[in-house]
Protein chains: 2
Amino acid sequence: MPLSHESYIRRANLWGLLQANAVLATLRPEYGKAMGGGMDEKHKSRQATLPPSPNERPTLKTIAFMTGLGITTVSRALKDAPDIGAETKERVRLIAAQVGYHPNRAGVRLRTGKTNVISLILSLEEEFIGLTSPMVVGISEILATTQYHLVITPYSARSDPLDPVRYVLDTGAADGVIISRTEPKDPRVALMMQRNFPFGTHGRTEMGLVHPYHDFDNERFAYDAVRMLVERGRRRIMLLHPPPSLSYHMHMRTGFERGLRDFGATSVPFNTVDLDNSLADIRAACEEAMRGPDPADGVISGSGGGAVALVAGIEAAGLKLARDIDMVSKQSNDFLQWLRPEVITLREDFRLAGRELAKAVIARIEGQPATELQTLSFPVLQN
Amino acid sequence: MPLSHESYIRRANLWGLLQANAVLATLRPEYGKAMGGGMDEKHKSRQATLPPSPNERPTLKTIAFMTGLGITTVSRALKDAPDIGAETKERVRLIAAQVGYHPNRAGVRLRTGKTNVISLILSLEEEFIGLTSPMVVGISEILATTQYHLVITPYSARSDPLDPVRYVLDTGAADGVIISRTEPKDPRVALMMQRNFPFGTHGRTEMGLVHPYHDFDNERFAYDAVRMLVERGRRRIMLLHPPPSLSYHMHMRTGFERGLRDFGATSVPFNTVDLDNSLADIRAACEEAMRGPDPADGVISGSGGGAVALVAGIEAAGLKLARDIDMVSKQSNDFLQWLRPEVITLREDFRLAGRELAKAVIARIEGQPATELQTLSFPVLQN
DNA sequence: GTCAAAATCTGTAACGATACAGTAGATTTG
DNA sequence: CAAATCTACTGTATCGTTACAGATTTTGAC
């Protein structure tokens with residue numbers, strides 16, 4: 001043991017003494033002598049010289065002073081480094097807990113470059129926030145068990161979606177990024193891949209690049225939806241699809257068309273609006289379609305919000321759910337089920353998506369290969 | 001001018017030269033001489049000695065090297081400090097913009113203690129995220145125009161609501177905090193006031209403490225709601241109120257009772273559930289109340305989600321909106337209006353709340369007195 | 001009992017920014 | 001014309017942490 005037991009005891013009690021009185025002057029010189037002759041003129045004193053004031057936030061220096069150890073030793077002890085004695089580690093951990101030590105994030109960040117931040121890039125447009133909100137919760141659930149903080153990096157639809165990504169990359173604002181509204185050829189993905197920056201996408205891409213993602217199986221959703229409508233005797237089916245620019249547009253279309261073929265139904269065109277349109281627009285387009293010749297007898301909605309507008313349009317055209325027409329919708333909240341239980345809802349779990357993406361991004365930061373960080377979730381029939 | 005025009009030109013062009021070749025060795029000594037005799041042995045070289053690599057993120061050092069100025073000068077020039085020459089400022093700003101300089105947040109934070117972070121303390125419970133989501137957008141809108149980042153600090157209902165606040169206070173994770181679900185005697189408010197920490201609350205308190213807040217006038221909402229129901233000939237009114245622990249419970253109750261008196265209506269007890277109960281519980285309680293003796297002919301809901309459950313309960317009891325009963329609800333999303341246009345909705349703008357709170361907290365950080373940072377918003381009749 | 005290896009502990013320098021206390025030279029003052 | 005003042009700029013120290021390169025003591029081998 002490099003320190004005598006006697007001095008160990010003396011130093012561990014310093015804190016209490018210091019609060020009572022300034023015994024420092026009498027203790028420090030003796031301390032310097034105890035250090036042995038290895039000190040030249042330049043190093044007159046130890047690192048942790050002054051008693052850190054008790055009401056300031058404790059730092060490594062505080063613990064170093066209280067234990068009589070060096071700052072480096074304390075740092076390494078708290079990291080469980082192999083070159084620190086077991087007893088020392090125990091002692092340091094105990095005192096750290098007692099004084100409520102938290103590593104200073106700025107210090108760590110400055111020294112190591114690690115921000116311990118995950119950035120969620122969020123569109124400020126009203127239409128999408130309903131979806132991302134449970135995602136925030138899912139992400140938070142995971143990050144709460146880690147050192148990571150979640151920071152929201154917003155952008156508006158009127159600006160370049162690359163802007164927030166560039167911002168994070170250029171300023172080093174985060175260790176990893178989560179993006180939504182993924183496109184098949186997504187320039188944000190290309191940029192982050194090129195810079196070798198950890199990220200996860202909500203939705204897949206089609207660029208031959210391997211990166212972490214979480215996606216909902218929208219192909220399966222649309223396929224199952226067609227099946228369920230056909231089972232109810234519906235044959236002329238209309239799809240309210242996502243905007244064509246987004247990746248899951250194609251997935252949903254593919255599943256829809258495969259379903260039509262496999263179950264023997266036909267498609268009713270409904271291409272004037274998509275899920276990015278306002279509810280009012282969707283409602284109007286739906287009403288018009290329903291009043292037209294050969295209206296659909298089955299409808300599939302790619303989101304819960306869209307379904308509400310479709311229901312309104314259908315009813316405005318004088319049709320009645322379950323009697324004249326059936327509907328399958330992806331669900332985000334429960335409201336639809338309370339007010340129109342006739343609508344068949346398949347659940348997409350955004351909270352799960354948040355959890356999966358947070359886990360994936362952290363794993364990617366820690367070096368895990370992207371191939372192992374791609375997950376898919378499946379539609380679940382509600383009730 | 002302390003630097004000759006000649007050397008100014010030479011140094012401003014260094015960047016290009018450096019990228020082409022390592023001319024540093026020939027330039028630096030001449031540079032050192034140009035500094036004059038004020039340097040003793042300890043200060044052999046200037047601060048900005050080595051050429052910062054062109055692909056690293058630019059720092060003050062980079063700009064200092066490129067301009068031939070000292071790091072301090074660059075720092076002060078970018079802050080528009082009064083002791084820097086106008087021409088120098090211009091030159092520094094130009095180069096800073098050209099190289100895409102962003103101050104390193106960790107550096108600033110470590111040195112000044114300023115985090116440039118606002119923390120939004122968020123409950124992870126599903127019931128509330130619908131409300132806080134537009135608030136996130138509002139906050140982001142404001143912060144996007146500033147240096148502040150928004151970090152989400154979550155807590156779950158099963159843990160102490162003081163935990164996240166203590167965390168921020170103890171770790172110095174943010175310069176300011178925004179909290180929701182404010183209580184009349186809110187321990188979080190007491191704690192932050194005591195520590196003199198900037199914050200804003202969504203909702204008022206009743207502790208005789210002056211602090212920034214934004215609140216919706218729930219008293220007015222309930223009062224107006226009663227009036228609207230009475231105007232439709234309703235007299236027996238039921239209120240789905242917020243949980244009694246929250247501040248706005250009392251506001252809403254007060255407005256409700258004042259409305260009853262002023263407009264001559266009576267209250268139908270509905271105290272088995274509140275807005276924190278699940279939709280299923282609210283629905284069941286409502287149905288039971290509607291099937292009981294002397295049911296209400298008017299209902300007021302303190303939230304849009306609750307209204308959906310109430311509508312379901314009313315209809316399950318065989319009653320019909322507008323015919324047997326009328327309803328006024330605070331609205332959060334538009335769904336209710338599409339599916340039950342009979343319900344009268346008064347809008348509470350959570351996005352505005354986010355904007356107001358963000359502005360208030362920043363102003364508080366900048367030292368503005370809390371008395372000037374208290375705002376109220378009013379119900380707006382939808383359509 | 002000597003010497004090398006192993007086990008523990010250590011100080012210094014650096015990350016990027018800013019507060020502070022200067023300094024050099026130009027300009028004004030008496 | 002010397003002293004004081006002003007202008008414009010500067011280096012050093014520091015925030016809290018960790019990488020790195022020692023330093024000291026203990027242990028073990030022979």
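In the text below, chain A, chain B and the rest are named by the order of the sequence lines, each starting its count at 1. The model shown is predicted, which means the values in this text are computed figures rather than measured ones.
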What pairs of donor and acceptor atoms, side-chain ones from residues 167-176 of chain B against any protein atom, are under 3.5 angstrom apart with sequence neighbours left out?
unit_1  : atom_1 : unit_2  : atom_2 : d
Y167(B) : OH     : H149(A) : NE2    : 2.9
T171(B) : OG1    : Y167(B) : O      : 2.7
T171(B) : OG1    : A173(B) : N      : 3.4
D175(B) : OD1    : T115(B) : N      : 2.9
D175(B) : OD1    : T115(B) : OG1    : 2.8
D175(B) : OD2    : T115(B) : N      : 3.3
D175(B) : OD2    : T115(B) : OG1    : 3.3
D175(B) : OD2    : N116(B) : N      : 2.7

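Of the options I178(B), L357(B), V189(B), a side-chain contact (heavy atoms from CB on, under 4.5 Å) to T201(B) is made by V189(B) and by none of the others.
Listed candidates were dA19(D), dG16(C), dT17(D). Nearest to the side chain of L60(A) is dT17(D). Taking the side chain of L69(A) as heavy atoms from C-beta on, and the options dT17(D), dT10(C), dT18(C), the nearest nucleotide is dT10(C). The side chain of D83(A) lies closest to dC9(C), out of dA8(D), dT17(D), dC9(C). Among the nucleotides dA17(C), dA8(D), dC9(C), the one closest to any side-chain atom of P103(B) is dA17(C).
Closest of all the heavy-atom pairs between R188(A) and P161(A) is CD-O, 3.7 Å. Between L78(A) and Y101(A), the shortest heavy-atom contact is CD1-CE2, 3.7 Å.
Residues satisfying the salt bridge (charged side-chain N to carboxylate O under 4.0 Å, His left out) criterion with R105(B), sequence neighbours excluded, are absent altogether.
More than 12 heavy atoms of other residues, nucleotides or ligands sit less than 6.0 Å from atom CD of Q98(A).
Atom P of nucleotide dT18(D) and atom CD1 of I84(A) are separated by 13 Å, given to the nearest angstrom. Counting to the nearest Å, the P atom of dT7(D) and the CD atom of E87(B) are 17 Å from each other. Rounded to whole Å, the distance from CG on N104(A) to C1' on dT14(D) is 13 Å. The separation between E56(A) atom CD and dC15(D) atom P is 10 Å, rounded to whole Å. dA7(C) atom P lies 12 Å from atom NZ of K89(A), rounded to whole Å. dT7(D) atom C1' lies 13 Å from atom CZ of R76(B), rounded to whole Å. If you take CD1 of I71(A) and C1' of dC15(D), they are 12 Å apart, rounded to a whole angstrom.
Between T73(B) and the phosphate of dT10(D), there is a side-chain N or O to OP1/OP2 separation shorter than 4.0 Å.
Contact check of residues 105-119 of chain B against DNA chain C (heavy atom, cut-off under 4.0 Å) returns G107(B), V108(B), L110(B), R111(B), T112(B).
Each of T88(B) and K79(A) was matched to the nucleotide of DNA chain D holding its nearest heavy atom; the match closer to the 5' end belongs to T88(B).
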Could you walk me through whether V177(B) and T153(B) pass the side chain to side chain contact (heavy atoms under 4.5 Å, CB included) test, one step at a time?
CA-CA 9 Å; V177(B) 156; T153(B) 305; over 6 Å; no
